[in-house]
Every structure is written in structure tokens, then in C-alpha cells.
Protein chains: 2
Amino acid sequence: MKGSVFVEDASVSEVSKNLTISDIARELGVSKTTVSRAISGKGRLSEATRNRVLQYIHEHDYRPNLIAKSLAQSKTFNIGVVLPADTNLTEIPFFQSCLMGICDVAASFDYDVVVTTATENDISLLKRLIKNNKVDGIVLTRPIVNDRSIDYLKQTHLPFVVVGSSEEDEVIQIDNNHIDGCCELTSVLIKSGYTTMALLAGNQRHIVNTNRYKGFLKAFKDNGIPVNETLVYTDMTSNVLIDRAVDTIMNRKVDCIVCSDDIICSRVLTRLNETGYSVPKDVKIASFYDSAYLENYNPPITSLRIDIKTLGIEAGKCLINLIAGKEIANKTLLDYEIVLKKSTM
Amino acid sequence: MKGSVFVEDASVSEVSKNLTISDIARELGVSKTTVSRAISGKGRLSEATRNRVLQYIHEHDYRPNLIAKSLAQSKTFNIGVVLPADTNLTEIPFFQSCLMGICDVAASFDYDVVVTTATENDISLLKRLIKNNKVDGIVLTRPIVNDRSIDYLKQTHLPFVVVGSSEEDEVIQIDNNHIDGCCELTSVLIKSGYTTMALLAGNQRHIVNTNRYKGFLKAFKDNGIPVNETLVYTDMTSNVLIDRAVDTIMNRKVDCIVCSDDIICSRVLTRLNETGYSVPKDVKIASFYDSAYLENYNPPITSLRIDIKTLGIEAGKCLINLIAGKEIANKTLLDYEIVLKKSTM
DNA sequence: TTGAAAGCGCTAACAT
DNA sequence: ATGTTAGCGCTTTCAA
């Protein structure tokens, strides 16, 4: 690494020059309009002049002032991304991966990403962002039931998409098919003979968790087996609750525990370990996400793998199309992959 | 949750009205200048007119058009945050927590946060952000040695701060004191009698890792004990490398392994488990961050705890002060806390 | 204490 | 094919 040499383009040192469209017009003896047209490609223009302008621009590394363009067109070329600020979610890499995907597409369409946060009860920062006209559209990354952000966004008539699923059909959603995914995963387990199965599901205000619950139930129905709903634990939002549930479950001789996310699963594994149970000997375990959270567990954990960054990319594309006035599908369902590992063997 | 009622303020439905400063001026029979002054607080104005304007604004929920303000003042009221896009870092919650802190302060100063990404070798998105005049300043979240982003930022004369440490003194840095922290942690362990100690450190192009290494060495020097540098492993960037190091280390009968981050530590624990070693009986383990990554490990892991969100908050404050032209310290060192747990007892 | 007017840098009718 | 002109909504001299 030592001794590496960076040759930066000359443009950098000229940052202060601040060339404008009028400068170029004057310098080339044409009108501002002509220059503008050459840049945007709108309107007819002779090849000759267009090239002359383009070349000048290139040679002088001219960059149009986006603020001025924004003001003239009432467009910001920014998309807003709303991240949940609930403290317990900050540790989850999901949102960061998703954000990376959104940033990628945004840049490729010459948009930028401005982030803000919201909680279940406080959407003031989202409101501020919108009222300040900072964005042309919004990506919401964690829909909940009776989502105040969604309610608000619907009223503003600002284009927006949701990463995840919403109860409201008219909202544009990009999600993995968690219902089918959880159903399929559960079915596989049922067919392996693990019919006494417990579900430890997370916060039921998060749509994704209700969907997994639905998928779980559907699997039993599809397989013609009655589900024992007393083995379903929802809203497992704290270690204490999880520990208690695990203890009860293990006393009831279940074959298998399905955890609705990796955080829950991580705690379940710890509790099993503490109380002397071994996986998969005493009980099988399956989870979701296949994230780094569980990467180093021994045994490896069977789970549903989804590509979070792609989710962000698709959401970004949808939003940008929406902003451009294109018609887009209300619901985009992305793939998932069931990864069977030692924890269920 | 069912039946909850939201009464949104009337403003929402009037989003389309788009009140401007001229509307208000006309309505109130004053000039645009007067309205502008009433809002900004700049320039003298009679209490009476100021209040009249302010009240009108309040009643009609007027929000100034920030784009227009931007154009007039050549300010964007945005700060840029550069996140590392290296895939293996996406899973670390550090950057997300930091981002949350930055978002918080930004909002409180009426700034917004636009995020972009950079890798060691590709800073094109950062350049684009800056050339497009999208931000008034930059927070860099992961300094490396010979950092191209830093080189570029220095040339642009745009205000910027770095979360973490840089080799270059003139760069404004906000960091926890990792040298002292690692030194103190190591000292505590030495004083507990674990003198045959191994260090598993991460990517040495990341300044934070070199600093931890320095602290580790300093602890030995402070305690007058020669350090066995053959037990120091750097650039532990893959599981294979870590596994190999752990195996070698354990054959050499060390008392204690210090891991320079929780990802490394997680893998070390797994490898120890796989190869039949038990913590803390066979070997003591210490790590950094005290993140959720290790939260559920048994035994709990001794580590250096830092408050990442506060780091983001401080960085945000520094940058905003810098943008405002205030003098600020070149180096802000935040606290840390050593948390002794079962893994070193 | 207040106002008129120019200007930030770009776009977009509407000419020519 | 190119130019003229009038904005976009705000700030800011300068004048009254």
C-alpha cells in the first residue's frame, strides 16, 4: 500500500470556479437555452452546436447546479428512506443492507438518498422531511399495523413504496413472500416428521411477523394436520419472554422450534444451552434471514434465506419509476431460499 | 390497537396549496422582505409586524421552500454521511447506530442527512455527491490508511469530520480512545495473571485496528512485561484465518485471547467450541464493542463498551459547528467502559 | 422600520 | 435550429 500514488483529475482544484450555464453560453456565443438543451437532450438542436457545447462542458468539467435545477423543476432528485428508530431494531443488519441497495440504484439514476427515522408513535421527522420538500418520494422500510407513516404518506400524495408488506392493497409493496416461505419451511419440517412444533414469533405489530405466523398455520392446514395453537408464542420481544417460552416448550416435548427471526433464535439457542438441551438431538431449530447473527452457531441453523440488498434495489427501482410516472405493480414478491442445515437433521 | 383514532392536523390536506412568501406578503399588505425578516430574525422589525407575520405563518402552517432558500444562500442544509460499502462490513451494526446518532442531531439543527457509500478503492459516489452540491459537509465513518476519501475531501475544502481516528492530525476526528481502552483492558488482564496473551486483530488498514494493536503493546510495556509478538495475529479477515490462528494459539498454551472486534470474537468462540475447548476454563476471552452480536453467548464476554450512537451525535455536532464556521477541537476522544464478565474470570 | 429590485442558476413556454 | 423572456421562491443589498 505504501507508495501508492493518486492522480486526481484537475477538476478538483477548480471546485471554486463554479462555472454556470450562462458562462458557457457567453463563452460559446450561444444562448443559455441552447446550452440547457444540449445538456438535457430535450428539444431539437444541430449536431454541431450540441457537440460544441458538450465538448466545452467536458473540457471544463462543468457540473450543473442541481439546486437551481430543483427550483426550476420542483424536483429534488432525492429519495427519502425511513428507518425505524426503535432501539432494539438498530442492531439488526437488515435495514443497513436494504439501505445499501437503495443507495446503489439511486446513484445509478442520479438520485441521492436522504435518510430519516420514525418510530411507531413519532413520525415528526418524516413529516418535517416532506414538508421541507426535501424528497421526491419515500421508501418505508418497516411497515407495521395501523402504520402512522403510511397514513400520513397517503395524504401527502407523494410517491412512496414500502419494503415489506402492508395490509392496505393500494400501497405499493416490495417484499419476499414470507407467507409462502414460512409455509414451505414449516411443511418441510412437518414432512420430516417433526409434527409437534412450536412457533416463537416476534412483535405482531410488524406485518412480517404476522405473515410468518400465517404461513406457519397454512402449512399445517395444507398437510391436514391440526395445529396446536398453545405452542404458538407471539410478541417475543424480550429475552425474559423467550426464556420463559423455551422452558415451557421444552417441558412439553416438542420436536421442533421455529423462530421468526435470528434475534429470537439466538436467544432460544442460548436458553437451550443454559438449560442443558442440545440441538438437534433434543430439539430441532429453524429460523429466518440466515444472517451473520447465526453464522457461527454450531450446529448451523436451518433457515429461510432472503437477499436483503436486492430487496432494497427493487424498492428503489419501483420508487424511481413511480416518480417518473410509470405504472408499476402494486405488489412485487421476491424469491427466498430454504437452506436446510444440521439444526433440523 | 384496534379502534385507535388519529387526528392529523389540517395542514396535511393543504399540502398542495404551496403558500409562498409573496402570498403572505400580499395577504398582509407588507413586502416580501418584511416577511423574510420576520422568519429569519435578521434585520430590525417592529414587534407588531413581526408578530403579525409569525401568527399568519403559524395559522397557515407555512413552510418556507428550502430549495429556494438553498439557491439564494448557496447552502443545502444537508450533511453527507459516507458509509463503507465493503460487503463484510454491512453486517456490523456499528454504522447503523452511528447513522442514527447523526440523524438525530442533524434533525435538531434542521439539517438532513444524505448517505452515500465508498469502498477503499472506489470513491466515485462521494465525488458525485460533492460535485452535485448536495451537501454542506461530510461525515466519514470509517477511516483507513491512505484514505482516498480523506485525500479527496481535503482538496475540496468542504467541511468534514471523521468518525474514528486518522493518521493526519489536521483532520477533525471523533473517536473513542481505542489505544488507551485496549491498553487498559489488556492491563487488567495482565494484572489478573494472564500474561501469555494472544491478540487477534482485524484489518490493519482500518485505523481502529492499528490503534487497538498499539494499546495492546503499550499495556505490556507499561507493565514491564515483554510481549510475545508471535502471538499477535493481524488482518484476521476471514473465518479460515481465524480458525487457523486459534488452532495454533491453543497449541501454545495461552492464558487469554483478546479479539479486536465482536465478529472475530464470535468466530473464535465457535472454533474453540468445535475443537473442544471451554471458556473460561481452558482460555480467557475478551473483545470489543459489547454488541448484540455477543449478547447471547455463554459465558458472557468481557469487553470494552462504547456508546456508538453518542459517537454519531458528537460527530454530527462537530460537523454542524464546523459548517457554521465555529472553531472546534481537532480531536474529540469519547469515553469507554471496561465490562468484566465471566469469560475472563 | 420597511420596501424595491436584483439575483441565485436553471428550465420552459413562446417567439423567430 | 436557436434565442427571448419570464419565472421557480427565497435572500440581500441598497434606498427610503
Side-chain angles (χ1 to χ4, degrees), chain A residues 14-54 56-57 60-78 110 130-136 324, chain B residues 14-54 56-57 60-78 110 131-134 136 324:
Chain A
E14 302 177 30
V15 154
S16 46
K17 289 195 65 173
N18 256 27
L19 206 55
T20 77
I21 220 171
S22 329
D23 296 333
I24 301 176
R26 185 175 9 83
E27 217 60 39
L28 259 42
V30 297
S31 75
K32 295 191 323 183
T33 316
T34 303
V35 178
S36 176
R37 283 201 268 254
I39 296 168
S40 67
K42 293 175 188 167
R44 268 149 301 282
L45 213 52
S46 78
E47 271 304 303
T49 39
R50 155 158 300 134
N51 287 337
R52 216 154 58 88
V53 173
L54 256 27
Y56 187 95
I57 282 175
H60 296 74
D61 191 55
Y62 161 77
R63 312 285 307 217
N65 180 325
L66 276 195
I67 306 279
K69 192 175 175 187
S70 290
L71 184 59
Q73 298 194 144
S74 300
K75 276 199 65 177
T76 65
F77 304 98
N78 286 148
D110 244 298
I130 291 174
K131 289 191 179 172
N132 280 344
N133 295 304
K134 286 280 201 148
V135 295
D136 298 334
Chain B
E14 301 177 30
V15 154
S16 46
K17 288 196 64 174
N18 256 27
L19 206 55
T20 78
I21 221 170
S22 332
D23 295 333
I24 301 176
R26 184 173 13 81
E27 218 59 37
L28 258 41
V30 297
S31 75
K32 295 193 320 182
T33 317
T34 303
V35 178
S36 175
R37 283 202 268 253
I39 296 169
S40 67
K42 291 175 190 166
R44 269 150 301 283
L45 213 54
S46 78
E47 271 304 303
T49 38
R50 156 157 297 135
N51 287 336
R52 215 153 60 88
V53 173
L54 257 28
Y56 187 95
I57 282 175
H60 296 72
D61 191 56
Y62 162 77
R63 312 284 308 219
N65 181 326
L66 277 195
I67 306 280
K69 192 177 175 186
S70 291
L71 184 58
Q73 297 194 142
S74 301
K75 277 199 64 176
T76 65
F77 303 98
N78 286 149
D110 244 299
K131 289 191 179 171
N132 280 345
N133 295 303
K134 286 280 203 151
D136 298 333

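Just so we're on the same page: letters track the sequence lines, and every chain starts at 1.
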Inset, instruction - Treat primed atoms plus P, OP1 and OP2 as sugar-phosphate and everything else as base, then score nucleotides 8-16 of chain D 5' to 3': B for base contact with protein heavy atoms under 4.0 Å, S for sugar-phosphate contact only, - for none. - result: BBBBB----
Legend entry - Arg52(B) CZ - dT1(C) P separation (whole Å): 16 Å
Inset, instruction - Rounded off to whole Å, could you give me the CG-to-P distance for the Leu28(A) and dT2(D) pair? - result: 12 Å
Inset, instruction - Using a 4.0 Å heavy-atom cut-off across all strands, classify Ser70(A) as base, sugar-phosphate, or nothing. - result: nothing
Legend entry - Side chains of Ile21(B) and Ile39(B) in contact at under 4.5 Å (non-hydrogen atoms): yes
Inset, instruction - Determine whether Glu27(B) and Ile24(B) make a side-chain contact, defined as any pair of heavy atoms from C-beta on separated by less than 4.5 Å. - result: no
Inset, instruction - Working to the nearest 0.5 Å, report the span between CG of Leu66(B) and NZ of Lys75(B). - result: 10.5 Å
Inset, instruction - Measure the shortest side-chain to side-chain distance between Asp61(A) and Lys131(B) over non-hydrogen atoms and say whether it is less than 4.5 angstrom. - result: yes
Inset, instruction - For Thr20(A) and Asn65(A), run side chain to side chain contact (heavy atoms under 4.5 Å, CB included): C-alpha distance rounded to whole Å, both residues' side-chain angles, the deciding distance at 0.1 Å, then the answer. - result: CA-CA 8 Å; Thr20(A) 77; Asn65(A) 180 325; over 6 Å; no
